[in-house]
Amino acid sequence: MTDIKELLLSRIRDVADYPEQGVMFKDITPLLADPAAFTALTDAVAEIAERTGATKVVGLEARGFILGAPVAVRAGLGFIPVRKAGKLPGATLAQSYDLEYGSAEIEVHAEDIGADDRILIVDDVLATGGTAEAAIQLIHRAGAEVAGVAVLMELSFLDGRPRLEAALGGAPLEALLTV
């Protein structure tokens, strides 16, 4: 695992003062552009999907789509996008959650998740955990089980892990990198 961590870290670029002064943005586009690194990431998360017994992969808008879709294909599973409110046609289930300043809402097509599903939630970054926690609540409301959460990178200084672990109720939370 050390080799993959070194590979992934070497392809993540720090961008100072983006999107605002004082923030060190972690840019994953160089990782996505490198086929070896992107394949290593996809394989590692697909292994998590297989190990957790997931039947489907949920990707959180928007970078979770980029990571989650190839993971689902690699693991032989279906992929479900969880979108910002108002982006999906047809019947949806929605979940609101609080942000630092205000609130947001995510949605999923109601028919995409069934009671027999075990869902692995995939995203690029675990920060405060608000969006992933809302996705967990949404999946539970749909009657399915959460197999776990897998992220490329956890920003440990933002303390999202305790929030998610409480919501996961024993299901694993796996970060390939912790910064």
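These numbers were taken from a predicted model, which means no experiment stands behind them. Counting begins at 1 with the first residue of the sequence.
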- [ ] State, yes or no, whether a side-chain contact exists between Thr39 and Asp34 at a heavy-atom distance under 4.5 Å.
- [x] no
Open item on the list: Check this for me: Arg74, atom CZ, are more than 12 non-hydrogen atoms of other residues, nucleotides or ligands nearer than 6.0 Å?
Closed with: no
Open item on the list: How long is the straight-line distance from CD1 of Ile106 back to CG of Leu93, given to the nearest 0.5 Å?
Closed with: 10.5 Å
Task: Student check: side-chain heavy atoms of Val122 and Val58 closer than 4.5 Å - done: no
- [ ] Can you sort out the partners of Glu107 under salt bridge (Lys or Arg N to Asp or Glu O under 4.0 Å), two or more places apart, ordered by chain and number?
- [x] none
Task: Heavy-atom donor-acceptor pair, Ser156 side chain to Thr178 backbone, under 3.5 Å - done: no
Task: Partners passing side-chain contact (heavy atoms from CB on, under 4.5 Å) against Ala54 (at least two apart in sequence or in another chain) - done: Ala49, Thr52, Leu77, Leu120, Ala147
Task: Stepwise side chain to side chain contact (heavy atoms under 4.5 Å, CB included) check, Val45 with Leu67 - done: CA-CA 9 Å; Val45 180; Leu67 304 183; over 6 Å; no
Distance-only donor-acceptor hits, side chain of residues 148-155, under 3.5 Å, sequence neighbours excluded:
{"residue": "Glu154", "atom": "OE1", "partner": "Arg161", "partner atom": "NE", "Å": "3.1"}
{"residue": "Glu154", "atom": "OE1", "partner": "Arg161", "partner atom": "NH2", "Å": "2.8"}
{"residue": "Glu154", "atom": "OE2", "partner": "Arg161", "partner atom": "NE", "Å": "3.2"}

Open item on the list: Using the rule that Ile, Leu, Val, Met, Phe, Trp and Tyr join whenever any side-chain heavy atoms are under 4.5 Å apart, tell me whether Val23 and Leu158 fall into a single cluster.
Closed with: no
Open item on the list: Just by distance, no angles: are the side chains of Thr131 and Tyr97 close enough, under 3.5 Å, to form a donor-acceptor pair?
Closed with: yes
Open item on the list: Would a single hydrophobic cluster contain both Val125 and Val179, if residues Ile, Leu, Val, Met, Phe, Trp and Tyr are joined by side-chain heavy-atom contacts under 4.5 Å?
Closed with: yes
Open item on the list: Donor-acceptor check, side chain of Thr55 to backbone of Arg118, threshold 3.5 angstrom: yes or no?
Closed with: yes
Open item on the list: I'd like to know if Lys26 and Asp14 make a salt bridge, using a cut-off of under 4.0 Å between side-chain N and carboxylate O.
Closed with: yes
TODO: Check whether any side-chain heavy atom of Val82 lies under 4.5 Å from a side-chain heavy atom of Glu61, and answer yes or no.
DONE: no
TODO: Kindly determine whether Leu31 and Leu7 satisfy side chain to side chain contact (heavy atoms under 4.5 Å, CB included), including the steps that lead there.
DONE: CA-CA 9 Å; Leu31 187 156; Leu7 174 62; over 6 Å; no
- [ ] Verify side chain to side chain contact (heavy atoms under 4.5 Å, CB included) between Arg13 and Thr29, making sure each step is shown before the conclusion.
- [x] CA-CA 8 Å; Arg13 179 176 53 171; Thr29 59; 4.0 Å; yes
Task: Any side-chain heavy-atom pair of Arg83 and Val108 under 4.5 Å - done: no
Task: Shortest non-hydrogen contact between Ala37 and Arg11, atoms and distance - done: CB-CG, 3.8 Å
- [ ] Just grab all the ring-ring contact (aromatic ring centres under 6.0 Å, His included) pairs involving residues 107-159, residues at least two apart or on different chains.
- [x] none
- [ ] Flag yes if Phe79 and Leu88 sit in one hydrophobic cluster, no otherwise; membership is Ile, Leu, Val, Met, Phe, Trp, Tyr, and two members link when side-chain heavy atoms are under 4.5 Å apart.
- [x] no
TODO: Before giving the answer on side chain to side chain contact (heavy atoms under 4.5 Å, CB included), spell out for Leu8 and Phe38 the whole-Å C-alpha distance, their side-chain angles and the decisive distance to 0.1 Å.
DONE: CA-CA 8 Å; Leu8 297 176; Phe38 195 17; over 6 Å; no
TODO: Answer yes or no: is there a side-chain heavy-atom contact under 4.5 Å between Ile48 and Leu176?
DONE: yes
Open item on the list: According to salt bridge (Lys or Arg N to Asp or Glu O under 4.0 Å), does anything in residues 168-179 pair up with another residue at least two apart or in another chain? List the pairs.
Closed with: Arg51-Glu174
- [ ] Nearest 0.5 Å please: distance from the CD atom of Glu133 over to the CG atom of Leu138.
- [x] 12.5 Å
TODO: List the atom of Ile136, the atom of Ala167, and the distance in Å for their closest heavy-atom pair.
DONE: CG2-O, 3.6 Å
Task: Rounded distance (nearest 0.5 Å) linking atom CD of Glu145 with atom CD1 of Ile113 - done: 13.0 Å
Open item on the list: So for atom CZ, which belongs to Arg141, do other residues, nucleotides or ligands contribute more than 12 heavy atoms lying within a distance under 6.0 Å?
Closed with: yes
- [ ] Flag yes if Leu60 and Leu164 sit in one hydrophobic cluster, no otherwise; membership is Ile, Leu, Val, Met, Phe, Trp, Tyr, and two members link when side-chain heavy atoms are under 4.5 Å apart.
- [x] yes
- [ ] Tell me who clusters with Val15, hydrophobic residues only, linked when side chains sit under 4.5 Å apart either directly or through other members.
- [x] Tyr18, Phe25
